Amino acid sequence: MPWIRLDDNIADHPKILHAGPLAFALHVAMICHANRFLTDGFLSTAMVKANRNVVQPLKLAERLVAEGLWERVPDGFHIHDYTT
C-alpha cells in the first residue's frame with residue numbers, strides 16, 4: 001500500500017498556518033498525487049485546477065507559492081523540497 005511521509009508538526013508550521021486550512025488540504029492532496037503518479041513533486045496546472053478537494057485550487061496554489069511551499073515552474077508547480 002502506498003503512503004506519504006509528513007512531519008507530525010506540519011499542521012503547526014508557520015507557512016501552513018499562514019496559507020490556511022484549504023491550502024493545507026490542497027497541499028496534502030497534491031503530495032498524495034505526486035507520490036501516486038511518481039512525478040517527483042511536479043504538478044501540472046491542469047492537475048491542480050482539476051482538484052476537487054477544494055474550491056479555487058489555482059488561487060490556493062498561488063498562496064502555497066507565496067509561502068514557499070510550492071514553486072512556479074513551466075506548465076505548473078513543483079512541491080518545494082519534495083525529493084528530500
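Keep in mind that what you see is a predicted model, and the values were worked out from it rather than measured.
- The side chain to side chain donor-acceptor pair (under 3.5 Å) check on His18 picks up Glu67, with sequence neighbours excluded.
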Going by atom type alone, with no hydrogens or angles, which donor-acceptor pairs under 3.5 Å involve a side-chain atom of residues 4-16 and a protein atom two or more places apart or on another chain?
| residue | atom | partner | partner atom | Å |
| --- | --- | --- | --- | --- |
| Asp7 | OD1 | Asn9 | N | 2.7 |
| His13 | ND1 | Lys15 | N | 3.0 |

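- At distances below 3.5 Å, at least one donor-acceptor pair connects side-chain atoms of Asn35 with backbone N or O atoms of Trp3.
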When the side chains of residues 49-61 are checked against the rest of the protein, which donor-acceptor pairs come out under 3.5 Å, sequence neighbours left out?
| residue | atom | partner | partner atom | Å |
| --- | --- | --- | --- | --- |
| Asn51 | OD1 | Asn53 | N | 2.8 |
| Asn51 | OD1 | Asn53 | ND2 | 3.4 |

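- Pairs passing the ring-ring contact (aromatic ring centres under 6.0 Å, His included) check and including a residue from residues 34-64, sequence neighbours excluded, read His33-Phe37.
- Partners of Glu62 by side-chain contact (heavy atoms from CB on, under 4.5 Å), not counting sequence neighbours, listed by chain and number: Val65, Arg72, Phe77.
- What you find for Gly76 and Thr45 is that their closest heavy atoms are CA-OG1, 3.2 Å.
- Ala23 and Arg63 make their closest contact through CB-CD, 4.4 Å (heavy atoms, listed as atom of the first residue, atom of the second, distance).
- Counting only residues at least two apart or on different chains, the side-chain hydrogen bond (donor to acceptor under 3.5 Å, both in side chains) pairs with a member in residues 75-84 are Glu71-His80.
- One finds the CE atom of Met30 at 14.5 Å from the CG atom of Leu69 (value rounded to the nearest 0.5 Å).
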